Amino acid sequence: MLSFSYRCSQCGASYAIEPGRLLCDDCAPKRAPGRPLRGILEVVISGDPPKEWHPVDLLPVEREHFADIPVGNTPLWRPARLREEFHAPHLFLKDDGLNPTGSLKDRASWLVAAFARKHGIPRIVVASTGNAGSSMAGVGANAGLEVRLYLPASAPAAKLTQALQYGADVQRVDGTYDEAFAQCMAYLKDHDGLSRNTGHNPLTIDGKKTVSLEIYRRLGERVPDHLFVSTGDGVIVSGVYRGFENLVELGFADRVPTVWSVQAEGSSAIARAFRAGSFTDPVPSRTIADSISVDVPAAGEFALQRLKRHKGRVVVVTDDEILAAQRHLSSGVGLFAEPASAAAFAGYVKERTAIDANATVVVLLTGNGLKDIKAAMKGVGTA
Ligand SMILES: *Cc1c(COP(=O)(O)O)cnc(C)c1O
């Protein structure tokens, strides 16, 4: 039997996993303006795991509360033509664009929805630049939950349309994500509802770890040598690390992979902090990859801590490299990924010569190409 609690990633304080608990009481107020969140909580597992386990068993909500929507269990591609081209016989692509709403965000939405159902919370509230919102809307629709979404005007049409199709109560915000986030938090002050804001709600990190657990199982209970992850707020890369850390903590593995956090040149706060040692003043972000376009990365401190702890790497790619990587993936293997997703592959293309030819390398592809047709049209010269 396993039991679960929260631990502050900065001071180590313990908290119960219960409604209303988001950040560490002591550390969160120490956040400076224009800097990432402080006092992000991580889920700690104690007890002995069952011999036969499923990734859901390592999540902090019992299986019976999860909605019946097929999240995760996405394919691990063995891209023959790319393996030949790059002389990389152990290259794999994890295609999380095949989740129900088209992005890896479904993993987090699924756990947040399960938590809401367990505690009888009828409404979930979220600010999002696109994928987190459309994901919460879709998973929420399946789970029978009300979803209120604050969406900045810049969100691609497909993501807005998805959220409306799924029946979310969409509040369109004439401003940036920061403005949408502020409006979302103001609403939550006076109304009941569970926040699914990325990084704030620790379950958004923990839910994403199942991608690592699946990779481990699909590789025959092995940890890959290298893993490329595109990074904006730093929640996915943090969740990816938590998955491998869980495997080590539970005695299933003896190491975590070398994680390469890939950022767009025009939105590279975590890469800059990694090189400088800590976060500096924010720079307004500008990249074609909207899902990783972030001024102040919410989970930046957490991601930076783990990248340092596990000797991770950072890579920065240009928009041209992202668009070229998107076409390369599409034409090379028939996998159409949105720009933020293709960024991880661009990072691999850029750094692959630094990697041993016999290494097992997984490129995590986080979102479907149909999510942002305008960007893809630029890449083929039709826009
Ligand atoms: C959200 C997202 C990312 C980045 O995740 P962060 O947690 O913000 O670092 C990458 N790719 C896609 C498709 C996403 O939706």
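Whatever order the structure lists ligands and atoms in, that order sets their numbers, starting from 1. As the structure is a prediction and not an experimental result, all values here were calculated from the model.
Geometric assessment of Arg242 against the ring of Phe302 yields a negative cation-pi assignment under the 6.0 Å and 45° thresholds.
At a heavy-atom cutoff of 4.0 Å, ligand 1 is contacted by the side chain of Lys105 but not by its backbone. Looking at Asn131 against ligand 1, only its side chain comes within 4.0 Å, counting heavy atoms. Contact annotation for Lys371 and ligand 1: no heavy atom of the residue comes within less than 4.0 Å of the ligand.
With Thr366 contributing its side chain and Leu104 its backbone, the two residues share no donor-acceptor pair below 3.5 Å. No donor-acceptor distance shorter than 3.5 angstrom exists from the side chain of Gln326 to the backbone of Phe336, with no hydrogens or angles considered.
Compare Ile205, Asp106, Thr366, Val235 by their heavy atoms: the one nearest to atom 11 (N) of ligand 1 is in Thr366.
Atoms of ligand 1 lying under 4.0 Å from any heavy atom of Gly367, numbered from 1 in the order shown and given with element: 13 (C). Remark: ligand 1 atoms within the under-4.0 Å shell around heavy atoms of Gly232 are 4 (C), 6 (P), 8 (O), 9 (O). Within the listing of ligand 1, atoms 3 (C), 4 (C), 10 (C) sit less than 4.0 angstrom from a heavy atom of Ile292.
Of the charged side-chain nitrogens involved, none lies within less than 4.0 Å of a carboxylate oxygen, so that Asp290 and Lys371 do not count as a salt-bridged pair.
Note on ligand 1: Val237 sits outside its first shell, no heavy atom being nearer than 4.0 Å.
The side-chain heavy atoms of Leu145 and Arg123, taken from C-beta on, include no pair separated by under 4.5 Å.
At the shortest separation from atom 10 (C) of ligand 1 among protein heavy atoms lies Ser230 OG, 3.3 Å. Ranking protein heavy atoms by distance to atom 8 (O) of ligand 1, first place goes to Asp233 N, 2.8 Å.
Counted by atom type alone, Ser14 and Ser5 present zero donor-acceptor pairs between their side chains at under 3.5 Å.
Every residue two or more places apart in sequence or in another chain that forms a ring pair (Phe, Tyr, Trp, His ring centres under 6.0 Å) with His328 is listed here: Phe86, Phe345.
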